[in-house]
Amino acid sequence: MVRHITIFGEGTAMNTRYLTLFFTALALFFVFRFMLPLILPFVLAYFFAKSLSPVIRFLTEKLCWHRRFSSIMLVFLTVTVLTGFLFFIGSTVIRQTILLLQKIPVYGQMLDQSLNSLCGRCDKIMEFVDGTSYHYMENQISKLYADIGNHILPRISNCAVLIFRQMAKLASGIFIFFLSAMLILLDDAFPALHRKLRPFVIRLRSAGLAYMKAQCIIIFLIAVILSVGLYLMKNEYALLFGIGIAVFDAFPIMGSGIILVPWAIAKVFCGDFYGAAILATLFAITTCVREIIEPRIFGKELGMKPLYVLISVYVGIKLFGFGGILLGPIALTVLKVVDDLTKKAASGA
């Protein structure tokens, strides 16, 4: 009899756990899909002001500065530094992108020469008529160019308009963000979290926000390392490629090796051993940075398998677009925190 009661109790607890996870996932979907675009500047402003509050406290209590002056000066200084940094990065990336687009015909000719030489070797090995392989590849490339001209380029033109619209929205969002942060800092009674939400937020901060913190720090470090390494190679697109590969490196399982290793092998075949050595060194350094820094930032707080993180990234991209790279793992972390708290409450009961 006792055993049946125990099994029934465990089944009820299991059903409660699954129902809690289901409704949490449903709530996260609606929050990320509908509410997040509306409240994101204010949420970020709150955490930004929260991070600056120790500095404000130091300036007011230790240096006896006026609170309003300290808040305005600190926010103005932060805005100036961030604006200058983003302007430098953005202008450099745009300049390198334009240069890359201008030199596409040159790279096309170089690729055509390499392809012609490779196809000639294939014809000799396979005992084909000279030019057979190159003629076939030329037809395939012509079809690819036709598809690009008919389908991809019109979509890119439409995307350009959308990008400018999104940039205008981003600029207004940034203005609202800093204005909100200023108003929060100028408020003497700094808004505090509700008492019942505190344990959940603390647990989420140690787990969920650790993912965002880790990825942002690692992406920044890897982007700097790659940009410096590519600059030493005298690559004209060092910053553009460095940032692009660093963002790609954030995807679970994949990593920067999918780009750097084939690039290094191609450099070896081209006889550029110096460039191949730099690319191989960059791959080793970026791998070490991720393997060493990531566990230190994460600690053992997340405790999630890489496969689950990869699934969360894939589902996040499918549901929320590019932002799902971050939203997917954050949602997974929230679900894990809720699951842990549910288990703890059930065991305590």
Side-chain angles (χ1 to χ4, degrees), residues 31 35-94 166-195 197-225 227-228 239 242-243 246-247 250 289 293 296-299 301 323 326-327 330 333:
V31 168
M35 291 184 62
L36 188 61
L38 301 176
I39 65 173
L40 183 61
F42 307 102
V43 173
L44 293 178
Y46 175 84
F47 286 106
F48 175 71
K50 191 80 172 175
S51 64
L52 291 182
S53 59
V55 183
I56 301 291
R57 196 179 304 115
F58 172 80
L59 294 176
T60 53
E61 295 178 0
K62 301 295 182 181
L63 302 182
C64 299
W65 287 17
H66 194 271
R67 180 180 178 84
R68 286 181 176 272
F69 174 76
S70 303
S71 302
I72 294 173
M73 185 202 68
L74 194 58
V75 172
F76 177 77
L77 182 62
T78 305
V79 170
T80 304
V81 172
L82 286 178
T83 303
F85 176 75
L86 292 176
F87 177 79
F88 170 75
I89 297 295
S91 60
T92 304
V93 169
I94 291 173
Q166 293 299 323
M167 288 178 64
K169 292 181 180 179
L170 180 63
S172 62
I174 291 174
F175 174 75
I176 295 296
F177 162 73
F178 283 112
L179 183 60
S180 302
M182 177 78 73
L183 294 175
I184 292 172
L185 286 172
L186 291 176
D187 189 1
D188 294 331
F190 196 89
L193 291 171
H194 195 273
R195 181 174 55 85
L197 293 176
R198 242 174 242 163
F200 178 77
V201 173
I202 291 173
R203 183 86 167 82
L204 183 61
R205 184 186 302 168
S206 63
L209 297 182
Y211 177 82
M212 291 184 63
K213 179 182 176 182
Q215 290 300 343
C216 292
I217 292 175
I218 293 172
I219 288 174
F220 177 76
L221 290 176
I222 290 178
V224 171
I225 293 169
S227 299
V228 171
L239 187 61
I243 294 175
V247 172
V289 166
I293 295 180
R296 289 179 179 273
I297 298 176
F298 277 114
E301 294 156 344
L326 286 176
L327 294 179
I330 290 173
T333 307

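Count residues from 1 along the sequence.
Using bins of under 30°, 30° to 60° and over 60° for the plane-to-plane angle, the ring pair Phe48/Phe177 lands in the tilted bin.
In terms of heavy atoms, Ile219 sits closest to Ala246 at O-CB, 3.6 Å. Leu74 and Thr78 make their closest contact through O-OG1, 2.7 Å (heavy atoms, listed as atom of the first residue, atom of the second, distance). Leu59 approaches Ser70 most closely through the heavy-atom pair CB-OG, 3.8 Å. Heavy atoms only, all atoms of each residue included: Ser71 and Ile56 are closest at CA-CD1, 3.6 Å. The two residues Ala49 and Ala181 come nearest to each other via the heavy atoms CB-O, 4.2 Å.
Taking CD1 of Ile176 as the start and CG of Leu40 as the end, the distance is 12.5 Å to the nearest 0.5 Å. Rounding to the nearest 0.5 Å places CZ of Phe42 at 10.0 Å from CG of Leu183.
At a threshold of 4.5 Å between non-hydrogen side-chain atoms, the residues Leu82 and Phe178 count as touching.
For Met73, the CE atom sits in a packed shell: over 12 heavy atoms of surrounding residues, nucleotides or ligands are nearer than 6.0 Å.
For Phe220, the side chain to side chain contact (heavy atoms under 4.5 Å, CB included) partners two or more places apart in sequence, or in a different chain, are Phe85, Val224.
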